[in-house]
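Values below: every heavy atom of this structure, side chains too, minus hydrogens, waters and symmetry copies. Counting begins at 1 with the first residue of the sequence.
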Amino acid sequence: MVPNWTKLLDPVGNIDNKKYYKRDSKIKFKSSEILVKFKNNAGDSVKSYAVSSFNGKVLNDLGETGISQVELREGQTVEEAVAEYSSHPDVEYVQPNYIYHASTSPNDPVYNQLWGMNNTGQIIATATYSGIPANNPGTSGDDMRMESAWDVNTDCSNTIVAVVDSGVNYNHTDLSANMWSSGSCVSDKGVSLGACSNGWDYADNDSNPMDLNGHGTHVAGTIGARGNNATGVAGVCWTAKIMAVRVLDQSGSGDTATIIKGINFAVRNGAKVLNLSLGGPDYDSAMRSAMANAGSKYDALFVVAAGNESNDLKSDNSYPCEYDDANILCVAALDQKFQLASFSNYDSSKKRVDIGAPGTNIRSTWAGAEATASLAFASWTKTTVQGTAWNWANCPPTVLYLSTSCATAIIGTSTSGYASNTYSVAYAPISITSGAEAVTARMNLYLDTESGYDGINMYASTSSTPSIIFSSINKVGSLSGETNGGLIANFEVAATNCVGSSTCYFGYEFVSDSSINRAGVAITAFNLITLDVNDTTQYNTINGTSMATPHVAGLATLLRSFNPKFTYSDTIKAIIAGGTTTSSLQSITKYGKAANGDGAIRNLEAPTDLSVDVP
């Protein structure tokens with residue numbers, strides 16, 4: 001374990017790389033790529049010549065958007081590339097390739113826990129929402145009135161709904177019958193792919209959109225878990241055509257180019273409703289262009305999450321929620337008393353966040369059986385080659401830290417918490433489930449280091465030999481920068497090297513150079529999470545605007561299936577007109593309403609070419 005002091009700390013995924021670091025900024029993008037929108041009259045030869053003139057390489061043309069995914073020349077920064085390409089006469093605009101991180105009564109046995117569908121004031125036994133107040137139990141009647149809507153229609157099979165997310169466990173017993181398939185699907189560029197089952201995976205570039213995270217499967221269940229089948233939960237749509245479009249990886253992250261390809265695949269293959277339970281803090285012209293194009297050319301409706309930062313979007317940002325294109329509906333999260341959830345973003349300017357929906361203690365399908373494993377920090381092996389050592393302290397909570405003291409690392413106020421030229425490691429053998437298809441390291445930590453030069457690298461290996469554990473092939477992530485005393489909660493990295501093993505050796509490597517010293521690092525919680533996707537009967541209760549969004553996406557799908565002639569505009573108008581006026585949303589959303597299935601479906605004229613009894 002010989003440190004290389006001349007090398008910059010190179011964070012995986014470019015998390016706070018010094019070249020792009022801005023104090024308190026959340027901006028994250030790929031360091032080796034940009035997205036270039038050429039002018040409409042620029043042909044392929046012009047694009048190719050322009051990119052080659054900057055010694056770049058065209059990686060992908062993102063379909064009908066006219067946007068090219070471009071690899072930069074070696075050593076060129078994104079800022080330099082943006083400046084150079086912007087000056088070219090055939091370029092309309094250029095931007096980074098942003099990274100996006102990761103609501104008649106059926107007989108389903110867990111239905112009585114789905115307060116968003118029918119709130120009876122029940123206690124949610126598996127509650128996970130920690131808002132103050134928690135409002136569990138809630139208020140009877142504060143729900144989406146879905147039972148009355150289901151008197152009119154329970155079938156969404158006339159409309160394809162795309163879950164643009166971390167994938168879907170398409171074998172889940174509550175979802176398998178409702179997954180989309182096609183005998184003649186096409187790629188994001190319109191190239192024939194032959195037969196497709198379930199969807200497509202753009203995170204790994206293959207035909208298998210299996211969910212290794214859980215988030216996408218949970219979203220899919222709220223939209224379209226089979227209803228009235230005496231199994232599990234019931235979605236807004238009891239029968240559906242769920243298209244799984246995997247654009248987020250095992251840790252719930254994806255970039256602009258990948259998401260655009262997923263969007264293009266979905267709309268080219270007939271999706272009319274797209275659920276985007278994802279978001280980022282920066283305006284993204286390429287993403288907005290793809291979404292607008294999907295509306296104008298394919299009549300596609302996007303239902304998107306408002307975000308979970310508790311921010312007022314009058315002064316803060318969350319995209320794609322804030323795009324004002326007519327085919328986007330942005331959803332805030334409500335608790336069991338129809339109060340705004342403590343984590344939900346909102347908008348006191350009443351311009352961007354459109355409507356609220358159930359988003360706390362939401363029970364839905366899960367990607368598989370999860371198991372959690374850990375080892376007390378006191379039992380980790382700690383080795384210092386030079387400088388400050390990793391330590392363990394029984395301060396509340398029990399912490400693994402690298403600093404002059406545990407308190408210094410957590411508070412983040414010291415400018416000399418660790419020595420220059422430190423190289424120190426800590427690692428542990430952790431017993432895990434060997435039959436799992438995914439292993440994820442999840443941690444809470446405080447971070448205060450010199451961005452780009454000092455920080456932690458993370459490693460996962462099946463070997464017990466330190467030189468192998470801390471080798472480049474086993475590196476799974478990095479963090480550098482400062483959080484100003486704020487906790488990074490539930491940070492995840494995929495430990496793919498440990499899949500199939502019964503023991504995973506996980507290690508932290510702290511590196512600092514010879515200059516600025518800050519407070520250090522404190523890791524307050526660490527677990528390895530295994531996921532067995534072969535267990536197809538799992539459910540989970542989680543919270544978020546990501547959980548509110550599929551309640552509305554499912555409703556939009558239900559409405560468009562009621563009459564496939566309805567446009568995205570008709571659908572949005574019905575959802576807004578039929579919404580429940582809600583006092584807690586009056587001054588912080590565009591319409592001051594919560595989604596109401598019964599109200600929405602009764603704001604649509606009954607179709608004359610379908611056999612439907614309307615009470």
Side-chain angles (χ1 to χ4, degrees), residues 100 102-103 116 144 156 159-170 175 178-180 198-200 202 209 211 213-225 235-237 240-248 252 254 258-260 262-267 269-280 287 290-291 294-295 298-308 318-321 323 325 327-333 354-359 362 364-365 367 542 544-561 568 571-572 575 595 597:
Y100 287 78
S103 291
M144 286 182 60
C156 293
T159 301
I160 298 170
V161 54
V163 177
V164 184
D165 210 289
S166 63
V168 175
N169 188 336
Y170 42 78
L175 294 172
N178 285 352
M179 296 304 299
W180 166 86
N198 307 308
W200 203 263
Y202 282 98
D211 184 7
N213 176 277
H215 189 272
T217 302
H218 196 279
V219 166
T222 298
I223 292 173
V236 174
C237 300
K241 285 187 177 179
I242 301 169
M243 177 190 288
V245 184
R246 186 170 184 253
V247 298
L248 305 179
T258 302
I259 296 169
I260 288 177
I263 289 170
N264 291 344
F265 173 88
V267 296
N269 287 287
K272 294 300 182 185
V273 177
L274 289 84
N275 188 105
L276 267 64
S277 289
L278 50 80
M287 174 84 78
M291 295 173 72
Y298 297 97
D299 190 32
L301 166 62
F302 288 85
V303 186
V304 306
N308 301 328
S318 181
Y319 298 98
C321 174
Y323 302 139
D325 300 276
N327 64 324
I328 298 175
L329 196 61
C330 179
V331 186
D354 296 296
I355 198 166
I362 304 302
S364 187
T365 49
I542 57 177
T545 55
S546 286
M547 286 57 258
T549 303
H551 280 91
V552 179
L555 178 56
T557 308
L558 191 74
L559 297 177
R560 297 196 78 164
S561 285
Y568 74 72
T571 308
I572 290 177
I575 291 173

Next on the checklist: Restricting to side chain to side chain contact (heavy atoms under 4.5 Å, CB included), what partner residues turn up for Asn327, sequence neighbours left out?
Outcome noted: Phe302, Asp325, Tyr568
Item to check | Any residue meeting side-chain hydrogen bond (donor to acceptor under 3.5 Å, both in side chains) with Thr258, in chain and number order, not counting sequence neighbours | outcome: Asp255
Checklist outcome for this item: Those residues at least two apart in sequence (or on a different chain) that pass side-chain hydrogen bond (donor to acceptor under 3.5 Å, both in side chains) with Thr365 are none
Item to check | Sidechain-backbone polar pair: Asp299 side chain, Gly295 backbone, donor-acceptor under 3.5 Å | outcome: no
Checklist outcome for this item: In terms of heavy-atom contacts, Ala595 and Leu555 come closest through CB-CD2, 4.4 Å
Item to check | Which atom of Ile362 lies closest to which atom of His218, heavy atoms considered | outcome: O-NE2, 3.0 Å
Checklist entry - Would you say the side chain of Val163 lies within less than 4.5 Å of the side chain of Val245, judging by non-hydrogen atoms? => result no
Checklist entry - Hey, mind stepping through Leu276 and Val303 against side-chain contact (heavy atoms from CB on, under 4.5 Å) and telling me if it holds? => result CA-CA 6 Å; Leu276 267 64; Val303 186; over 6 Å; no
Next on the checklist: Within this structure, what is the CD1-SG distance for the pair Ile328 and Cys321, rounded to the nearest 0.5 Å?
Outcome noted: 9.0 Å
Checklist entry - Can you list the steps and then say if Met243 with Phe265 is a side-chain contact (heavy atoms from CB on, under 4.5 Å)? => result CA-CA 10 Å; Met243 177 190 288; Phe265 173 88; 3.9 Å; yes
Checklist entry - Quick one: OG on Ser277 to CG on Leu248, what's the gap to the nearest 0.5 Å? => result 9.5 Å
Checklist entry - Could you state the interatomic distance from OH (Tyr202) to CD1 (Ile263), rounded to the nearest 0.5 Å? => result 11.5 Å
Next on the checklist: Show the nearest heavy-atom pair for residues Gly279 and Pro320, with the distance to one decimal.
Outcome noted: CA-CD, 4.2 Å
Next on the checklist: Quick check for you: to the nearest 0.5 Å, what is the distance between Ile242 atom CD1 and Met179 atom CE?
Outcome noted: 6.0 Å
Checklist entry - Of all residues at least two apart in sequence or in a different chain, which pass the side-chain hydrogen bond (donor to acceptor under 3.5 Å, both in side chains) check with Thr557? => result none
Checklist entry - Okay, side chain of Ser364, backbone of Thr222: is any donor-acceptor separation there less than 3.5 Å? => result yes
Checklist entry - What residues form a ring-ring contact (aromatic ring centres under 6.0 Å, His included) with Tyr323, not counting sequence neighbours? => result Tyr283, Tyr319
Item to check | Verdict with reasoning, Asn275 to Thr549, per side-chain hydrogen bond (donor to acceptor under 3.5 Å, both in side chains) | outcome: CA-CA 7 Å; Asn275 188 105; Thr549 303; 5.4 Å; no
Checklist entry - Donor-acceptor pair, Lys272 side chain versus Ala162 backbone, under 3.5 Å? => result no
Checklist outcome for this item: The reported gap from CG in Asn178 to SG in Cys237 (rounded to nearest 0.5 angstrom) is 8.5 Å
Next on the checklist: When you compare the side chains of Asn169 and Thr217, does any donor N or O come within less than 3.5 Å of an acceptor on the partner?
Outcome noted: no
Item to check | Donor-acceptor contact present, side-chain Thr545 to main-chain Ala305, <3.5 Å | outcome: no
Item to check | Worked check of side-chain contact (heavy atoms from CB on, under 4.5 Å) between Arg246 and Val168 | outcome: CA-CA 8 Å; Arg246 186 170 184 253; Val168 175; over 6 Å; no
Next on the checklist: Quick check for you: to the nearest 0.5 Å, what is the distance between Ser546 atom OG and Leu278 atom CG?
Outcome noted: 7.5 Å
Checklist entry - Which heavy-atom pair separates Ala333 from Ala548 by the least distance, and what is that distance? => result CA-CB, 3.9 Å
Item to check | Criterion side-chain contact (heavy atoms from CB on, under 4.5 Å) on Val552 and Val236, from CA distance to verdict | outcome: CA-CA 9 Å; Val552 179; Val236 174; over 6 Å; no
Checklist entry - Side chains of Asp211 and Ser166: donor-acceptor distance under 3.5 Å anywhere? => result yes
Checklist entry - Quick one: side-chain hydrogen bond (donor to acceptor under 3.5 Å, both in side chains) partners of Asp165, sequence neighbours excluded? => result His215
Next on the checklist: Please find the pair of heavy atoms, one from Gly356 and one from Val331, that lie closest to each other, and give the distance.
Outcome noted: C-CG1, 4.3 Å
Checklist entry - What is the minimum heavy-atom distance between Leu274 and Ala266, and which atoms define it? => result CD2-CB, 3.8 Å
